[in-house]
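Convention: sequence-line order gives letters A, B, ...; per-chain numbering from 1. Because the structure is a prediction, the values reported are computed rather than measured.
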Amino acid sequence: MSTELIDDSHESKSNFIHNEIDNDLAQGKNGGKVLTRFPPEPNGYLHIGHAKSICLNFGIAQKFNAACNLRFDDTNPVKEDVEYVDSIEADVRWLGFNWADEPKYASDYFDQLYEWAVKLIKKGKAYVCELTAEEIAAQKGTPTEAGKESPYRNRSVEENLDLFERMKNGEFKDGEKILRAKIDMASPNMHMRDPIMYRIIHKHHHRTGDKWCIYPMYDYTHGQSDFIEGITHSICTLEFEVHRPLYNWFLDQILEGEPTPAARPRQIEFARLNLNYTVMSKRRLLELVQKNIVDAWDDPRMPTISGLRRRGYTPESIRMFADKVGVARRDNVIDVALLEYCIREDLNKRTMRVNAVLDPVKLIITNYPDDQVEMMETINNPEDESMGSRTLPFCKELFIERDDFMEEPPKKFFRLGPGLEVRLKSAYIIKCESFVKDANGNITEIHCTYDPETRSGMPQSERKVKGTLHWVSARHCIDAEVRLYDRLFMDAEPDGHKDVDFKEFINPDSLKVLSNCKLEPCMKDVKPLDKFQFQRLGYFCVDTHSSPEKLIFNKTVGLKDSWAKAAAK
RNA sequence: UGUCCCGUUGUGUAAUGGUAGCACAGAAGAUUUUGGUUCUUUUAGUCAGGGUUCGAAUCCUUGCGGGACAACCA
């Protein structure tokens with residue numbers, strides 16, 4: 001396949017966030033500086049929704065000649081793992097983006113965060129609380145009803161300082177005490193009702209080891225991490241909009257009294273991506289993996305970046321997709337057809353066309369010399385002349401697709417049937433004379449004659465015939481396994497039903513393994529992730545578990561099939 | 001029965017008070033040694049009412065609809 005990269009860096013269309021940044025720049029904010037960040041929690045693999053965010057954040061960096069940080073929000077050692085850190089770095093790089101400097105970690109800021117927490121305590125803005133999780137939930141109130149104040153809320157600064165220090169020193173068990181911000185239990189914003197800043201977790205952390213047994217909550221960490229890094233624009237999804245006042249409150253407290261406070265990040269929210277016929281939450285995806293409903297995080301049916309990669313998607317196609325879905329604030333569900341359009345668009349330009357017969361039936365050319373073999377020249381990619389041509393062997397015994405023959409074909413069937421004529425791509429025009437069936441009524445052989453004057457390139461080959469079929473030589477072809485995929489869920493929004501678990505909608509036929517596929521001999525040296533168009537069928541990608549002894553292909557996406565559409569009517 | 005956010009063809013996204021456009025999907029046709037590609041053509045939209053204005057998708061207002069928020073998750 002072509003290794004030429006498609007430069008799509010200038011295609012990126014504008015969106016409301018770009019406009020806001022333009023406005024900020026025009027007003028001279030941040031001294032003309034722009035810095036964004038992509039802040040995943042390393043508790044799962046990245047999915048296509050993250051790809052949207054990655055393209056947005058790194059895309060802003062490209063557009064404004066700025067940089068984008070990769071920062072791991074690793075504040076919860078219970079759920080996080082280096083496996084995820086590694087996969088996230090690999091996925092971002094594979095998508096084609098480079099972050100500024102080394103990857104950053106919220107855990108790099110634990111010391112600073114601790115210092116600031118002490119400062120808040122000293123200001124009387126934070127206190128150690130001993131309520132249980134249940135008690136806190138009970139006294140938190142509801143969105144329409146104010147909460148109650150904790151009985152520990154008015155401890156002295158000295159006592160809070162002492163207790164917090166002892167929390168840090170490991171004197172208490174998990175859950176015994178927490179540090180809370182002292183804000184307003186009656187706030188209409190639930191996040192302002194004395195949110196938790198620190199909790200006790202006696203657990204080894206992938207970066208800080210056993211240094212800490214108290215870990216800051218996301219809400220106490222995220223805004224300050226952005227501030228520390230000098231992020232100018234904190235782009236995040238809509239659900240964090242209600243957190244914004246809290247982030248601002250923390251920064252207000254921390255920066256109060258600072259002589260020349262540094263610029264603060266501006267948070268701008270956008271609507272997360274939803275794709276129909278799949279789920280898009282790490283929790284759901286984890287469940288699919290853990291319950292072995294799919295192979296792994298990189299199962300080709302998964303909407304993960306690694307799954308799409310293994311399925312045969314290219315970084316260019318995913319970037320094109322991110323660009324086409326746009327960025328806005330209203331809820332959206334994107335049709336997978338758009339994703340499929342993007343990958344077809346890309347693969348059409350770059351993949352070599354090869355002959356592959358997925359469900360083979362033997363075709364015998366009765367008037368072709370028994371031992372003759374001809375090498376037929378064929379073009380590698382009609383969309384790209386520079387990809388050249390190759391030859392493939394033709395002989396008396398071929399395989400064609402079982403679908404390409406009908407015993408009693410309807411009128412508009414432009415393929416093979418008794419008495420019908422078709423062209424064999426890059427070879428001869430043949431005519432079906434007869435066929436053979438076994439005891440079960442399955443067709444085992446199709447007998448045809450060929451017209452020697454119609455070899456491709458000869459004048460007689462110009463003759464009009466209705467259909468052109470792909471084929472392989474039965475004496476030269478190689479075997480392969482081909483995996484066909486269908487959508488993982490049968491419902492357009494499997495996660496959108498209040499009373500039905502999303503797993504109820506799993507498509508039992510989402511994977512179909514074809515083990516008797518025949519490929520033309522040029523395919524014997526393919527490498528994992530090599531991509532091809534199987535002529536007339538679709539785009540296929542060599543699986544990561546494929547080997548020369550056992551070739552395995554994944555179907556990325558089918559070609560548009562107007563015949564299937566017409567036949568279905 | 002709180003606060004906040006959001007309603008533009010089927011789906012997504014533009015139009016920053018001045019011609020409602022683009023893409024995908026759908027339909028019809030042309031071309032084609034892939035029923036692919038490419039190229040034409042085409043269907044279809046401003047949630048509803050009221051107001052401001054010469055002029056409203058855009059501003060105001062009321063209603064309707066959708067979403068977010070009550071983890072020692074992020």
- Message: Over all strands shown, is A:S187 touching base, sugar-phosphate only, or nothing at heavy-atom distances under 4.0 angstrom?
- Response: nothing
- Item | A:K560 vs B:U37: side-chain N/O to OP1/OP2 distance below 4.0 Å | yes
- Task: Indicate, with a heavy-atom threshold strictly under 4.0 Å, whether A:F414 touches base, sugar-phosphate, or nothing.
- Result: base
- Over how many whole Å does the gap from A:M458 atom CE to B:U33 atom C1' extend? 16 Å
- Task: Please determine if A:K431 and A:D451 form a salt bridge, counting it only when a charged side-chain N lies under 4.0 Å from a carboxylate O.
- Result: no
- Query: Given atom NE2 of A:H470 and atom C1' of B:G35, what is their separation to the nearest angstrom?
  - Reply: 13 Å
- Can a donor-acceptor pair under 3.5 Å be found between the side-chain atoms of A:S426 and the base atoms of B:U33? no
- Message: Regarding A:G457, tell me which of base, sugar-phosphate or nothing describes its non-hydrogen contacts under 4.0 Å with the strands shown.
- Response: base
- Any side-chain N or O of A:Y341 under 4.0 Å from OP1/OP2 of B:C24? yes
- Task: Using both distances under 3.5 Å as the test, list the Watson-Crick or G-U wobble partner of B:G65, or none.
- Result: B:C6
- For a salt bridge (charged side-chain N to carboxylate O under 4.0 Å, His left out) with A:E239, tell me which candidate from A:R272, A:R244, A:R329 qualifies. A:R272
- Whole angstrom is fine here: how far is it from CG in A:N355 over to C1' in B:U33? 12 Å
- Message: Expressed as a whole number of angstroms, how long is the span from A:F16:CZ to B:A15:P?
- Response: 12 Å
- Note on the structure: Here the gap from A:D495 atom CG to A:S281 atom OG, rounded to the nearest 0.5 Å, amounts to 6.0 Å
- Do other residues, nucleotides or ligands put more than 12 heavy atoms under 6.0 Å from A:K148 NZ? no
- How is A:E241 classified with respect to the nucleic acid when contacts are heavy atoms under 4.0 Å: base, sugar-phosphate, or nothing? sugar-phosphate
- Query: Can you tell me how far C1' of B:C22 sits from CG of A:L338, to the nearest Å?
  - Reply: 13 Å
- Query: Donor-acceptor pair under 3.5 Å: do we get one between A:E462's side chain and the base of B:U33?
  - Reply: no
- Query: For A:H18 and B:A14, what is the distance between atoms NE2 and P respectively, to the nearest whole Å?
  - Reply: 11 Å
- Query: Phosphate oxygens OP1/OP2 of B:C24: is one of them under 4.0 Å from a side-chain N or O of A:R344?
  - Reply: no
- Message: Below the 4.0 Å mark, does B:G67 have OP1 or OP2 next to a side-chain nitrogen or oxygen of A:R329?
- Response: no
- Message: What is the separation between atom CG on A:N380 and atom P on B:U37, rounded to the nearest whole Å?
- Response: 20 Å
- Message: Can you tell me whether the side chain of A:R330 and the base of B:U8 have a donor-acceptor pair closer than 3.5 Å?
- Response: yes
- Ignoring hydrogens and angles, answer whether the base of B:U16 and the side-chain atoms of A:N19 contain a donor-acceptor pair closer than 3.5 Å. yes
- Under 4.0 angstrom, heavy atoms only, what part of the nucleic acid is A:S461 near: base, sugar-phosphate, or nothing? base
- Task: Indicate, with a heavy-atom threshold strictly under 4.0 Å, whether A:V333 touches base, sugar-phosphate, or nothing.
- Result: sugar-phosphate
- Task: Output the distance between atom OG (A:S234) and atom CZ (A:F240), rounded to the nearest 0.5 Å.
- Result: 12.0 Å
- Task: Find the distance A:M190:CE to B:C69:P and express it as a whole number of Å.
- Result: 11 Å
- Message: Any donor-acceptor pair, under 3.5 Å, between the side chain of A:R415 and the base of B:G35, if you only look at N and O atoms?
- Response: yes
- Task: Working to the nearest 0.5 Å, report the span between CD1 of A:I235 and CD of A:Q267.
- Result: 9.0 Å
